Amino acid sequence: MQRANEDNFRECIYLLVNQIPRGRVMTYGQIAALCCKPRAARIVGGVAHWGDTSLPWHRVVHKDGTLATGYPGGTEGHRKHLMEEGVNFINGKVDISKAVWWPEY
DNA sequence: CGAGTGACCGCAA
DNA sequence: ATTGCGGCCACTC
């Protein structure tokens, strides 16, 4: 699933995020790694903010399971939105261990 | 084209 | 366990 055309680092992110199934989440570092840029987790966030806002960025969380900061509504709205999709939460954080989705299939 | 910035990550006190 | 700092790469102005 790392079909990222070298020219389109952003598109790789778009595709990955766009394919995250409901009730699952991915980490910024993971997406970056799948795009051949294990250190570019920040770019994922950057693209998230400046890129296509139509994508389910609410399914993208930190590696610890904490939620992003700049999401419309804040972490509170973000958390609620994920719960609506069936994501399990622990201590106000995503149960990353169970909800993390890995597209290596 | 150059500089600044970021919805991050990992390690060190 | 929490807090602070640096580094990394791409995007925007």
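As a basis for the values below, the full set of heavy atoms in this structure was taken, side chains included, without hydrogen atoms, waters or symmetry mates. Quick caveat: nothing in here was measured; it's all calculated off a predicted structure. Numbers restart at 1 for each chain; the letters A, B, ... are given by sequence-line order, proteins then strands.
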Query raised in the report: Across the strands shown, which category fits A/Gly29 at heavy-atom distances under 4.0 angstrom: base, sugar-phosphate, nothing?
Result: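 Result for A/Gly29 = sugar-phosphate.
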**Report entry** Sugar-phosphate only, base, or nothing, as touched by A/Ala68 at under 4.0 Å among non-hydrogen atoms
**Finding:**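 Base, at least one base heavy atom under 4.0 Å.
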Among [options], the one nearest [X] by side-chain distance:
X	options	answer
A/Arg42	B/dA7, B/dC8, B/dC9	B/dC8
A/Trp50	C/dT12, B/dA7, B/dG10	C/dT12
A/Thr27	B/dA7, B/dC9, C/dC8	B/dC9
A/Ile43	C/dA10, B/dC8, B/dG10	C/dA10
A/His49	C/dC9, B/dA7, B/dC8	B/dA7
A/His62	C/dA10, B/dC8, B/dG10	B/dC8
A/Arg39	B/dC8, C/dC9, C/dT12	C/dC9

Query raised in the report: Between the side chains of A/Asp52 and A/Ser54, does any donor sit under 3.5 Å from an acceptor?
Result: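 The criterion, which ignores hydrogens and geometry beyond distance, is satisfied for A/Ser54 and A/Asp52.
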Query - Name of the residue among A/Val17, A/Leu15, A/Ile43 meeting side chain to side chain contact (heavy atoms under 4.5 Å, CB included) with A/Ile31 - result: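 Only one of A/Val17, A/Leu15, A/Ile43 forms a side chain to side chain contact (heavy atoms under 4.5 Å, CB included) with A/Ile31, namely A/Val17.
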**Report entry** Candidates A/Met26, A/Arg24, A/Glu85 - the one meeting side chain to side chain contact (heavy atoms under 4.5 Å, CB included) with A/Arg59
**Finding:**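 In the set A/Met26, A/Arg24, A/Glu85, the residue that makes a side chain to side chain contact (heavy atoms under 4.5 Å, CB included) with A/Arg59 is A/Glu85.
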Query raised in the report: Got a donor-acceptor contact below 3.5 angstrom from the A/His58 side chain to the A/His78 backbone?
Result: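 Absent.
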Query raised in the report: Could you give the CG-to-C1' distance, from A/Leu82 to B/dA7, as a whole number of Å?
Result: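 A/Leu82 atom CG is separated from B/dA7 atom C1' by 13 Å.
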